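Read the structure below first, then the notes.
When a ligand or atom number is given, it counts from 1 through the structure's own listing order. Just so you know, these numbers come straight off a predicted model, no measurement behind them.
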Amino acid sequence: MEKWIRARYQPNLPLNGSQRVTASPEHIALSRRAAQEGAVLLKNDGNLLPLAPDTRVALFGKGSFDYVKGGGGSGDVTVAYIKNLYDGLKEEGVSLYEPLSDFYRDYVEKRYEAGDVPGLMAEPALPQDLVDSARENADVAVIVLSRFSGEGWDREPVFYQEPDYPWPDELNMPRKAKDIFPRGDYYLTGEEQRVVNQVRAAFDKVAVVLNVGGVVDVSWFWEDDRISSALLAYQGGMEGGAAIAALLTGKANPCGKLPDTFARDLSDYPSTEHFHDSPHYVDYTEDIYVGYRYFETLPGAAEKVCYPFGFGLSYTSFSLEVLKAGEENGTVQVQVRVRNTGDRAGKEVIQLYFCPPRGLLQKPVRNLAAFRKTGLLAPGESETVELTFAVSDMASFDDLGKIAPSAWVLEKGRYALYVGNSVRDAVELDYAWEQAETEVLVRLSASMAPSHLSKRLLGDGSYEDLPAAPAADTVENLFQPLTTAQAEGVAPATPGRGRYMLAQPYAPGVQPLSAVAEGRLSLDEFMAQLSDGDLIHLLGGQPNVGVSNTFGLGNLPEYGVPNLTTADGPAGLRIQPEVGVCTTAWPCATLLAASWDPELPAQVGAAAAAAEVKENNISVWLAPAVNIHRSPLCGRNFEYWSEDPLLTGKLAGAMVRGIQSQNIAATVKHFACNNKETNRKYSDSRLSQRALREIYLKAFEIIVREEQPWAIMSSYNVINGQRASESRELLTTILREEWDYAGLVMSDWWTRGEHYKELLAGNDLKMANGYPERVEEAIKLGAISRADLEICARRVLGLILKID
Ligand code: BGC
């Protein structure tokens, strides 16, 4: 097909042959397999699971029908159907106690008719006679709990919004959530607790299924002998219920591992106490001690964990034998033989952690260095896996210059290595890396230092004072900033082209962009033809075309520049329901992370998401989203992968590879520190340079260095006083100069940043629309030059040239 032909004519053609790939049976089957691969078996006392053949099951909880396929907002997907657990178990031929299911089906249908969305409805009171009759007619009780959260609000909602904010759901949803979950949806509601009490009093065989987007309270079954089994099924996409049924019946064997630590209580996470101190800022006082780095390191914190990072059971068992461990040319290599010692086929995940010497910079005592998932091993079968990582990956960032200022340093001493199948079960190897002398690996500039974070946590539980950098003026601007009413939800203008002859589509002398694509013209020569106004036009979002609803880029028809459109991401190609095109809903990113298998997101990204994106004539997919799970309370955690940057970077990086293998642009978002949704366009994330480098930027760095994504989306929030989209230190010094990023940076949709300031920072494209008149004014005032515009325009055109 001729270049950009889909984007120009929007032909509604299948990508391959006569069959559309969008929501094809193959894609839906892959979505279901993915949902199986990431579910985590948390508990299985007495091997209650898998259910013995002919087990009669009673399904409790409105979650048995109210299945939540994924979270809300831009991470939502329009689908033809959703399979809940009832549907899934019926397909597997499991005998269910129907009167109980009738009760829940009726209730859920009525609530949906009344306007409730999946996961945001109260648990109905359960009549005791229904429990008694279920007890008479079933052998095993399965309790299903579901949860929903979404963009623009957090899981312990507070109601804070700018005046004139035009998106009512960002207040309606949290209000609803607060009514249903008065303590926040982390905990069971009173009604859910009553159902649990009724069921465990009546049944001695009880299993729990959690259909959730992230970390929730698990202490109630963790310490309860009357509940034998628990499956953390996450939000598994459109076929999630079928995937869970396959796991409960033993058709598939759980092989997911936790990408996050599950503690006893919400208050055990160091981020909880101050999460909602202010809608205007968040102090990241826990510093680098996020997730297991906190729970494994801080004195007394280990006892607060119910299920540690990396943990997950199987219906079979495995033995691990370390065959070799050593270092060659700066790479540590560990070889492990994994044997299936049980009686069912299964997969295991081998995890390698390092414990650095304490040194002058205190450090977490466990850090994930490498991991590998085996193939499906038959009983008795073994596989040898090799885990490798660079010695330099063990470096720490010295932001206070204890060894060298703003440098990655490897302190001298013993770096012990641990191998196992969770952070807790990893066993120390005989081999350790001995760093003879403290080494400064690379010196960088001090960037993005905090001005308002006075102290940070250290590994021994004490706090260290932080010097205050000069405060940035967040709102400094040549112009009166736009108000919310002027800036939020504005659609780009649709400029007309005027009359032209079809036989002579371009003005005399104009060479179209296709001449660059065909190698007849350099990009610089092409850009030399453009006026300042043309360049500015390229630096803002463009109108929707076809099925897109998140706008486009390019769109200079006088010069043959197509309008390439964007779409969300990340749970599938999101097309507005009214368009009538259904797509595949994939499992949420946290579930994909729990697979610990890069192959899986690579397949989801390629065969699926990008192919569907392309088939629907869209060119830029707004995924993956790789912010770190700092707190269980962040409303968008379901879109993000893990508390660990390496797991996030490797798996989301594989997704980027998959997407771009189809010549569709991946957009890695939200760069950076967008770890809270409340007041997200203003909230200031205050953190040390060390936490920024080691935790919050690390996944982005891994993806940039290893996969060179074509696009990155800067985030809405402020970081240490500077808007992310206006931060030159973030978007140019760190991203481009340090990491050699060559792609495009776009803003998130309708930021509060000023267009000319964003361009100067290296944010090339303002979405969803630009403000040409303000940029022109800034040129007149001498604040920005044509050369500055060319830098950004070159990246916009560079991206367009990569698309088919
Ligand atoms: C979200 C982005 C999304 C964009 C376009 C924003 O509100 O933060 O993740 O890609 O909208 O829908």
Side-chain angles (χ1 to χ4, degrees), residues 70-78 149-154 161-162 165-171 173 213 484 487-492 540-544 547-553 564-577 579 583 588-589 609 613 616 618-627 634-641 652 655-656 659 664-683 685 700 709-718 723-725 744-753 763 765-770:
S74 49
D76 197 4
V77 179
T78 307
S149 67
E151 191 177 336
W153 50 286
D154 290 305
Q161 212 165 66
E162 302 165 75
Y165 197 68
W167 312 115
D169 268 359
E170 293 187 18
L171 273 190
M173 292 288 196
T484 306
E488 188 67 43
V490 179
Q542 300 299 321
N544 285 317
V547 299
S548 78
N549 79 308
T550 49
F551 308 103
L553 60 138
L564 302 185
T565 50
T566 67
D568 280 304
L573 164 62
R574 184 173 71 93
I575 296 179
Q576 292 291 81
V579 178
T583 63
C588 71
V613 168
N616 290 283
I618 285 163
S619 308
V620 179
W621 197 39
L622 306 173
V626 304
N627 297 87
C634 173
R636 274 184 107 170
N637 275 353
F638 64 92
E639 289 190 59
Y640 307 145
W641 300 67
M655 180 176 259
V656 169
I659 298 166
I664 288 293
T667 312
V668 186
K669 64 188 189 184
H670 310 89
F671 191 55
C673 303
N674 189 173
N675 304 103
K676 180 179 172 183
E677 286 296 290
T678 309
N679 200 25
R680 60 187 170 149
K681 298 198 174 178
Y682 293 89
S683 181
S685 303
F700 289 98
W710 295 355
I712 285 181
M713 187 191 294
S714 58
S715 55
Y716 288 127
N717 52 283
V718 175
R723 289 187 187 289
S725 64
L744 168 98
V745 176
M746 66 179 82
S747 70
D748 202 342
W749 272 227
W750 304 298
T751 60
R752 295 295 174 268
N763 191 105
L765 177 63
K766 185 162 182 67
M767 294 300 279
N769 67 298

Between Lys669 and Asp568, does at least one N-O distance fall below 4.0 Å, as a salt bridge requires? yes
Glu677, portion touching ligand 1 at heavy-atom distance under 4.0 Å: neither
Can you list the atoms of ligand 1 that are under 4.0 Å from a heavy atom of Arg680? 7 (O), 8 (O)
Quick check, are the ring centers of Trp750 and Trp167 under 6.0 angstrom apart? yes
Rounded to the nearest 0.5 Å, the CE atom of Met173 sits from the OG atom of Ser149 at a distance of 10.5 Å
Under 3.5 Å side-chain donor-acceptor pair for Arg574 and Ser548: no
Give the contacting part of Arg636 toward ligand 1: side chain, backbone, both or neither, where contact means a heavy-atom distance below 4.0 Å. side chain
Identify, by atom number and element, the atoms of ligand 1 in contact range of Met713, meaning under 4.0 Å from any of its heavy atoms. 10 (O)
Between the CG atom in Asn769 and the CD atom in Gln542, the distance rounded to the nearest 0.5 Å is 9.5 Å
Atom 8 (O) of ligand 1: which of Leu622, Thr751, Asp748 has the nearest heavy atom? Asp748
How long is the straight-line distance from CG of Asn627 back to CG of Asn717, given to the nearest 0.5 Å? 8.0 Å
Looking just at side-chain N and O atoms, do Ser725 and Asn763 make a donor-acceptor pair shorter than 3.5 Å? no
Does Tyr716 have Arg723 sitting over its ring (NZ/CZ under 6.0 Å from centre, angle to axis within 45°)? no
Per-atom filter on ligand 1: closer than 4.0 angstrom to a heavy atom of Thr550 are 5 (C), 12 (O)
Proximity of Met767 to ligand 1 by residue part, where a heavy atom lies under 4.0 Å: neither
Contacting atoms of ligand 1, where contact means under 4.0 angstrom from a heavy atom of Lys669: 2 (C), 3 (C), 9 (O), 10 (O)
What's the separation between atom OG1 in Thr484 and atom OH in Tyr165, rounded to the nearest 0.5 Å? 9.0 Å
For atom 7 (O) of ligand 1, what's the nearest protein heavy atom and its distance? Glu151 OE2, 2.6 Å
Glu639: heavy atom below 4.0 Å from ligand 1, yes or no? no
Going by the atom numbers of ligand 1, which of them fall below 4.0 Å from some non-hydrogen atom of Ser74? 1 (C), 2 (C), 3 (C), 9 (O), 12 (O)
Below 4.0 Å from ligand 1: does a non-hydrogen atom of Tyr716 turn up there or not? yes
At what distance is the nearest protein heavy atom to atom 10 (O) of ligand 1, and which residue and atom is it? Asp568 OD1, 2.6 Å
